[in-house]
Amino acid sequence: MTEISVRLNSGPPVILDGAMGTQLLDRGLDLKLPLWSAEILELSPKIIEAVHKDYINAGAEIITTNTFRTTTRTFRKVFQKNIDKATEHAWNSCQIAVKAARKVAGKNVFIAGSIGPLEDCYLPELFPGEKIGLHEYNELGKFLGEAGVDLLLFET
């Protein structure tokens, strides 16, 4: 069994962190679409680390990467549909997000890789369809796995 499996199957309930975006907004950051909280990864990963640290200090045993908007689809909107540049930025953002989480996690905190909706939240009619969705979720899951998360967390 993996360490995360052992912990999930033993002891008291595991405490998961809370919302990243809300914490960034509370710190006065302006989170604009399409990147939302992903923009902060390149601008100020120290802020991401601080949010993780606050959750750990509050008792979280699992912290969630700031990868809610780090998909190739999202970055295509920024780079005028340049797929290569968008994919590169999606990959780099995942690396930065996992590195920020790992930096503060220590050995007793697990890292959950966040996989959010492919389009804006709460608008299921924008879902691109099963075939495209599977491809894009697989890509992000692969990025997160290669970056070293302990588990994947599908959000919203």
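The structure places CZ of F143 at 11.5 Å from OG1 of T67, a figure rounded to the nearest 0.5 Å. Within the model, atoms NZ of K99 and CD1 of I48 stand 14.5 Å from one another, a figure rounded to the nearest 0.5 Å. Between atom CG of residue L151 and atom CD1 of residue I4 there is a gap of 5.0 Å, rounded to the nearest 0.5 Å. Between the CG atom of L41 and the CG atom of N66 there is a distance of 4.5 Å, given to the nearest 0.5 Å. Taking CZ of F127 as the start and CD of E119 as the end, the distance is 10.5 Å to the nearest 0.5 Å. The distance from atom OG1 of T74 to atom CZ of F68, rounded to the nearest 0.5 Å, is 9.5 Å.
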Verdict with reasoning, E49 to K46, per side chain to side chain contact (heavy atoms under 4.5 Å, CB included)
CA-CA 5 Å; E49 292 171 20; K46 295 281 185 207; 3.8 Å; yes
I132 vs R73, side chain to side chain contact (heavy atoms under 4.5 Å, CB included): CA-CA, chis, key distance, verdict
CA-CA 10 Å; I132 292 169; R73 171 181 291 271; 3.4 Å; yes
Should K103 and K53 be marked as a side chain to side chain contact (heavy atoms under 4.5 Å, CB included) after you check the CA-CA gap, both sets of side-chain angles, and the distance that decides it?
CA-CA 10 Å; K103 187 172 180 181; K53 209 176 285 188; over 6 Å; no
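Using a 4.0 Å cut-off between a side-chain N of Lys or Arg and a carboxylate O of Asp or Glu, E39 and R69 do not qualify as a salt bridge.
Contact check for L35 versus F75: side-chain heavy atoms found under the 4.5 Å cut-off. Considering only heavy atoms from C-beta on, L140 stays 4.5 Å or farther from E136 through its side chain.
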Donor-acceptor pairs are to be reported for all side-chain atoms of residues 12-27 against protein atoms at under 3.5 Å, with residues two or more places apart or in another chain.
from : atom 1 : to  : atom 2 : distance (Å)
D17  : OD1    : T64 : OG1    : 2.8
D17  : OD2    : T64 : N      : 2.7
Q23  : OE1    : R27 : NH1    : 3.3
R27  : NH1    : Q23 : O      : 3.4
R27  : NH2    : D54 : OD2    : 2.4

Return a table of donor-acceptor pairs under 3.5 angstrom between the side chains of residues 87-96 and protein atoms on other chains or two or more places apart.
from : atom 1 : to  : atom 2 : distance (Å)
T87  : OG1    : T72 : OG1    : 3.4
T87  : OG1    : I83 : O      : 2.8
H89  : ND1    : E42 : OE2    : 3.0
N92  : ND2    : E88 : O      : 3.3
S93  : OG     : H89 : O      : 2.9

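Taking all atoms of both residues into account, the shortest heavy-atom contact from A105 to I56 is CA-CD1, 3.9 Å. Here the shortest heavy-atom pairing between L144 and S114 reads CD1-O, 3.8 Å. Nearest heavy-atom pair, P128 versus L118, reported as atom, atom and distance to 0.1 Å: CG-CD1, 3.7 Å. The minimum heavy-atom distance linking A101 with T65 is given by the pair CB-CG2, 4.5 Å.
There is no path of hydrophobic side-chain contacts, each under 4.5 Å, that joins Y137 to L126. The hydrophobic cluster containing I40 does not contain V78, counting ILVMFWY residues as joined when their side-chain heavy atoms lie under 4.5 angstrom apart, directly or transitively. Both I111 and L152 are assigned to one and the same hydrophobic cluster, defined by single-linkage of ILVMFWY side chains at heavy-atom distances under 4.5 Å. Placement of L8 and F110 within a single hydrophobic cluster is found when ILVMFWY residues are connected by side-chain heavy-atom separations under 4.5 Å, directly or transitively.
Under a 3.5 Å cut-off, the side chain of R7 and the backbone N or O of S10 do form a donor-acceptor pair.
Among the candidates I63, N57, V51, the single residue satisfying the side-chain contact (heavy atoms from CB on, under 4.5 Å) test with V104 is I63.
Legend: residues meeting salt bridge (charged side-chain N to carboxylate O under 4.0 Å, His left out) with R102, ordered by chain and number and at least two apart, are D150.
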